*Asks:* 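Got a structure here, written out as structure tokens. Questions coming.
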Amino acid sequence: MQYRFKPPLGLLVAGGLFMSAAIQAQTPARKAPTALEVINAVAHLASFHQGEADDGEMAVRVGRKVVAYLKAHKLSASEAGKLGLTLGPVSRDAAQLRVCSFSHESGGTRGTVDNVVVQWQNAAGELFAYYLPVESYFTTLYPLTAPGRTMYLLLGHEKGSGLCLGYTAYVLELKGNYLILDNQVFSVKDHSNKNELTICNVAMTFNPARQILSLDDAGGPGKADFYSDEPFKPFKLIFRQGRFVRLP
């Protein structure tokens, strides 16, 4: 698959920074970018036709700018659109976790690549944002049943090549000001990386009442589980005690 997966990032992320509280206290707050600066950065990335020739560094820089802006602004769908962003699913709880994305061209058979930023708020109403290490167009968000914890499942898809549409399940956990990205949630051989599960041409649907994630052949020009030598067989995962485990 031609995905440019980004490495897992740290234990706790507060508003997009890997710093201790003491270091944060000593670092002067950076001035948030203006709306025009965000518009120009997103538009420039979208017009960059050399794809990922810079190993995604430009996308990361734009992601940081979007994060800085979202730490100070809560956007409606129309406001996001004016900035060149797409506002995706939003949680209905107190955290109001919001999924935003901006895109660039891969320069290859993948076509459009979606970059993801999430925004949330703590109990005091302070805004936080983070640029996620995943490339997918997330369409749905579900709360996960985890007593004493605040966890969400994101489902999306992204073209991996001419014959691969990658479907992705991604799990986030919020703890006040912090976003946790390295929980060992999935353990599906050859396809999962802690809190992320991606498989070619295998559609994923979630039953929130039963907390069951179903994986089935999505049809289309490419075979299910495109890069595997084994024939794909549909299966189900149930969320229990902070993990998705396979049902017999």
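Because the structure is a prediction, the values reported are computed rather than measured. All heavy atoms count here, side chains included; hydrogens, waters and symmetry mates do not.
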*Asks:* For atom CZ of F226, decide whether the heavy atoms of other residues, nucleotides or ligands shown that lie under 6.0 angstrom number more than 12.
*Replies:* yes

*Asks:* The test is side chain to side chain contact (heavy atoms under 4.5 Å, CB included); show your working for L213 and L155 and say whether it passes.
*Replies:* CA-CA 10 Å; L213 181 65; L155 294 181; 4.0 Å; yes

*Asks:* Once side-chain hydrogen bond (donor to acceptor under 3.5 Å, both in side chains) is applied, do any residues pair with D114, and if so which ones, sequence neighbours excluded?
*Replies:* none

*Asks:* Could you tell me if the side chain of Y137 sits less than 4.5 Å from the side chain of S101, heavy atoms only?
*Replies:* yes

*Asks:* Applying side chain to side chain contact (heavy atoms under 4.5 Å, CB included) to T112 and E105, what does each step give before you reach the verdict?
*Replies:* CA-CA 5 Å; T112 300; E105 293 302 312; 3.0 Å; yes

*Asks:* Just wondering, do H191 and D225 contact through their side chains at under 4.5 Å, heavy atoms?
*Replies:* yes

*Asks:* Please report the C-alpha distance between K175 and I180 in whole Å, then the side-chain angles of each, then the deciding distance to 0.1 Å, and finally whether the side chain to side chain contact (heavy atoms under 4.5 Å, CB included) criterion is met.
*Replies:* CA-CA 8 Å; K175 187 173 289 186; I180 303 174; 4.1 Å; yes

*Asks:* Indicate if I212 and I199 have the same hydrophobic cluster label, given that clusters are the connected sets of ILVMFWY residues with side-chain heavy-atom separations under 4.5 angstrom.
*Replies:* no

*Asks:* Just to verify, what does T205 make a side-chain hydrogen bond (donor to acceptor under 3.5 Å, both in side chains) with, not counting sequence neighbours?
*Replies:* none

*Asks:* With no hydrogens and no angle check, is any side-chain donor or acceptor of Q211 less than 3.5 Å from a backbone partner on T145?
*Replies:* yes

*Asks:* Decide yes or no on side chain to side chain contact (heavy atoms under 4.5 Å, CB included) for T86 and F102, but give the supporting numbers first.
*Replies:* CA-CA 6 Å; T86 298; F102 59 94; over 6 Å; no

*Asks:* Given side chains that start at C-beta, do those of V116 and V99 come closer than 4.5 Å, heavy atoms only?
*Replies:* yes

*Asks:* Are L87 and L45 connected into the same hydrophobic cluster when the rule is that any two of I, L, V, M, F, W, Y join if their side-chain heavy atoms are below 4.5 Å apart?
*Replies:* no

*Asks:* Can you name the closest pair of heavy atoms from G84 and V42 and give their distance?
*Replies:* O-CG1, 3.5 Å

*Asks:* Can any side-chain N or O of N183 pair as donor or acceptor with the backbone N or O of V185 at less than 3.5 Å?
*Replies:* no

*Asks:* Could you tell me if the side chain of V60 sits less than 4.5 Å from the side chain of Y131, heavy atoms only?
*Replies:* yes

*Asks:* Which atom names give the shortest non-hydrogen contact between E37 and T34, and what distance separates them?
*Replies:* OE1-N, 2.8 Å

*Asks:* Would you find a donor on one side and an acceptor on the other, under 3.5 Å apart, between the side chain of S103 and the backbone of V113?
*Replies:* no

*Asks:* With no hydrogens and no angle check, is any side-chain donor or acceptor of E79 less than 3.5 Å from a backbone partner on S76?
*Replies:* yes

*Asks:* Can you list the residues that meet the ring pair (Phe, Tyr, Trp, His ring centres under 6.0 Å) rule with F186, with sequence neighbours excluded?
*Replies:* F244

*Asks:* My understanding is that only residues two or more places apart in sequence, or in another chain, count here; which of them pass side-chain hydrogen bond (donor to acceptor under 3.5 Å, both in side chains) with S187?
*Replies:* R243

*Asks:* Search all heavy atoms of P33 against all heavy atoms of K65 and return the closest pair with its distance.
*Replies:* CG-O, 3.4 Å

*Asks:* At what distance, to the nearest 0.5 angstrom, does CG of L70 lie from CG of L85?
*Replies:* 6.5 Å

*Asks:* Evaluate D93 against Y152 for side-chain hydrogen bond (donor to acceptor under 3.5 Å, both in side chains), listing each step before the verdict.
*Replies:* CA-CA 11 Å; D93 56 8; Y152 306 91; 2.5 Å; yes

*Asks:* If you measure from CG on L154 to CE on M204, what distance do you get to the nearest 0.5 Å?
*Replies:* 12.5 Å

*Asks:* Any side-chain to backbone donor/acceptor pair from Q121 onto L127? Under 3.5 Å, distance only.
*Replies:* no

*Asks:* Has the side chain of H73 got a donor or acceptor atom that lies under 3.5 Å from a matching backbone atom of Y69?
*Replies:* yes

*Asks:* Considering only residues two or more places apart or on different chains, which pairs with a residue in residues 141-151 satisfy salt bridge (Lys or Arg N to Asp or Glu O under 4.0 Å)?
*Replies:* R149-E173

*Asks:* Measure the spacing between CD of E196 and OG of S136 and express it to the nearest 0.5 Å.
*Replies:* 8.0 Å

*Asks:* For L165, is there any backbone N or O sitting under 3.5 Å from a side-chain donor or acceptor partner on N201?
*Replies:* yes

*Asks:* Would L141 and V90 show up in the same hydrophobic cluster when neighbours are defined by side-chain heavy atoms closer than 4.5 Å?
*Replies:* no

*Asks:* So, for V117 and A129, which heavy atoms are closest and what is the spacing to 0.1 Å?
*Replies:* CG1-CB, 4.4 Å

*Asks:* Quick one about N177 and N122 (side-chain donor to acceptor, distance below 3.5 Å, no hydrogens or angles considered), yes or no?
*Replies:* yes

*Asks:* Closest approach of L132 and Y170, non-hydrogen atoms and distance?
*Replies:* CD1-CE2, 3.9 Å

*Asks:* Side-chain polar contacts of residues 228-240 - donor-acceptor pairs under 3.5 angstrom, sequence neighbours left out - could you list them?
*Replies:*
| from | atom 1 | to | atom 2 | distance (Å) |
| --- | --- | --- | --- | --- |
| S228 | OG | E230 | N | 3.1 |
| K236 | NZ | S214 | OG | 2.9 |

*Asks:* If you measure from CD on E126 to NZ on K71, what distance do you get to the nearest 0.5 Å?
*Replies:* 11.5 Å

*Asks:* Tell me the closest heavy-atom pair linking L163 and P221, and the distance in Å.
*Replies:* CD2-O, 4.2 Å

*Asks:* For Q96 and S91, does a side-chain donor sit closer than 3.5 Å to a side-chain acceptor?
*Replies:* no

*Asks:* Under a 4.5 Å side-chain heavy-atom rule over Ile, Leu, Val, Met, Phe, Trp and Tyr, are V188 and L215 clustered together?
*Replies:* yes

*Asks:* Between R110 and E158, is a salt bridge (charged side-chain N to carboxylate O under 4.0 Å, His left out) present by the stated rule, with each step listed?
*Replies:* CA-CA 8 Å; R110 284 192 63 190; E158 189 87 353; 3.5 Å; yes

*Asks:* Does the N207 side chain pair with the main chain of R210, one donor and one acceptor, at a distance under 3.5 Å?
*Replies:* yes

*Asks:* For W120 and L179, indicate whether the former's side chain and the latter's backbone hold a donor-acceptor pair under 3.5 Å.
*Replies:* no

*Asks:* Working to the nearest 0.5 Å, report the span between NZ of K159 and SG of C200.
*Replies:* 12.0 Å

*Asks:* Are F48 and V38 linked, directly or through intermediate hydrophobic residues, by side-chain heavy-atom contacts shorter than 4.5 Å (ILVMFWY only)?
*Replies:* yes

*Asks:* Working to the nearest 0.5 Å, report the span between OH of Y130 and CG of L172.
*Replies:* 11.5 Å

